[in-house]
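A short write-up of the structure that comes next.
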Amino acid sequence: MKIIKVDEKTVPISSEISNAFIDFSKMTASIVAITTDVIRDGKPVIGYGFNSNGRYAPTGLLNDRFIPRLLEAKAQDIINDEENNLDPFKIHDILMQNEKPGGHGERSVAVGVLDMAIWDAVAKIESKPLYRLLSERYGDGQVDDKVFVYAAGGYYSPGKGLKELQDEMKNYLDLGYTHVKMKVGGAPLHEDLKRIEAVLEVVPSGQHLAVDVNGKFNLKEAIEFGEKIEDYNLFWYEEVGDPLDYRLQAVLSEHYPNPMATGENLFSFQDATNLIRYAGLNPKKDYLQFDCALSYGLVEYMKILDMLERNGWSSRRCIPHGGHQLSLNIAAGLKLGGNESYPGVFQPFGGFADNCAFEDGYVSLPSIPGIGFEAKENLYTELAKIGG
Ligand code: MG
């Protein structure tokens, strides 16, 4: 078997929303299609991938380095002969040839996009949903038949007041979500506290609301804000300071007693390891949000899961950032704690399969081969424009 071609396209996912650090007015994403010579149901198998929101399309990196490396590789260097299938681990090594350690930049995003497409193709070649393949090959063989997802929203946007914020959150609860998240840190403290209190009026309790600072606070601000929200007993306090400032996180953990979450902007196994070593996180109460689609893909994520286990962390403490179907498959197949979800934003990439049962904060997965993109019509319409 072989890869016939790799197509890439840069697409806009712009919107008027903003968090404490960036607005999304010029946001883009890369989509890729890896076309193989394997035929299933009368058609060549095509694996699709994209990068999740928050990082721009790594177009140059893909076209200048990573796609050529994949296409120039010898068949024996990317294929697993026993399974007569692509080998994501060998491909990871090919992609990372001649890349120095450290300084990950956004090459981790480019590799993540290709890794997603490879896993989609691998599962399609095996004629299985990816979550089942993951569970059988790398897990305990038992898949979770539904996955916890929470609604991430509460962005700042022009003209949005407390009433609109409450309506947004009520809408998430009406859709079947039990837990919601809102942005903080992008307004003065007293305004953010009013926004939090407005949302607390519409959710069942503080345990159903998480707040996300997107890395904005310095240590003093982080502690001060933490003191103000401590009594709300929130679901979690997210990415409070710079993602690489492990000391800030560690000192904050001596002040803030409730759950915290971070990790979406750590893009490598080594960064994740340093977080666990030095950031004072508590495996009994805190959450980890590494997003494989931004951080070298599932091959790297599996190394991170191994590292977590060695350090006494359950995979259930992982609730990845990104709201995409690859992490949903990993959650179901390798037993994570859940996945983020963005109802209504970052379309068509955010969200899960159409017509899948969604109830009490849990979503089920489609049973089609691959990651499940073909079961999400607006996404598949976009992806199907390339490849083939
Ligand atoms: Mg976040």
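Just follow the structure's listing: the first ligand is 1, and inside any ligand the first atom is 1.
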**Study point:** Cationic N near anionic O, under 4.0 Å, Lys335 to Asp140
**Key:** yes
Exercise for review: Could you pull out all residues at least two apart from Ile368 that satisfy side-chain contact (heavy atoms from CB on, under 4.5 Å)?
Suggested key: Pro366, Glu374, Ala375
**Study point:** Hydrophobic cluster (4.5 angstrom, side-chain heavy atoms) - remaining members for Tyr150
**Key:** Phe148, Phe235, Trp236, Tyr287, Ile319, Tyr362
Review point. Which pairs count as side-chain hydrogen bond (donor to acceptor under 3.5 Å, both in side chains) when at least one residue sits in residues 32-43, sequence neighbours excluded?
Key: none
Exercise for review: Could you tell me whether the side chain of Glu8 reaches within less than 4.5 Å of the side chain of Ile386, counting heavy atoms only?
Suggested key: no
Practice item. Run through the protein N/O/S atoms less than 2.8 Å from the Mg ion (ligand 1) and write them out by chain and number. Key: Asp212 OD2, Glu238 OE2, Glu264 OE1
Check your understanding: Is there side-chain contact between Glu264 and Phe290, with at least one heavy-atom pair below 4.5 Å?
Key -> no
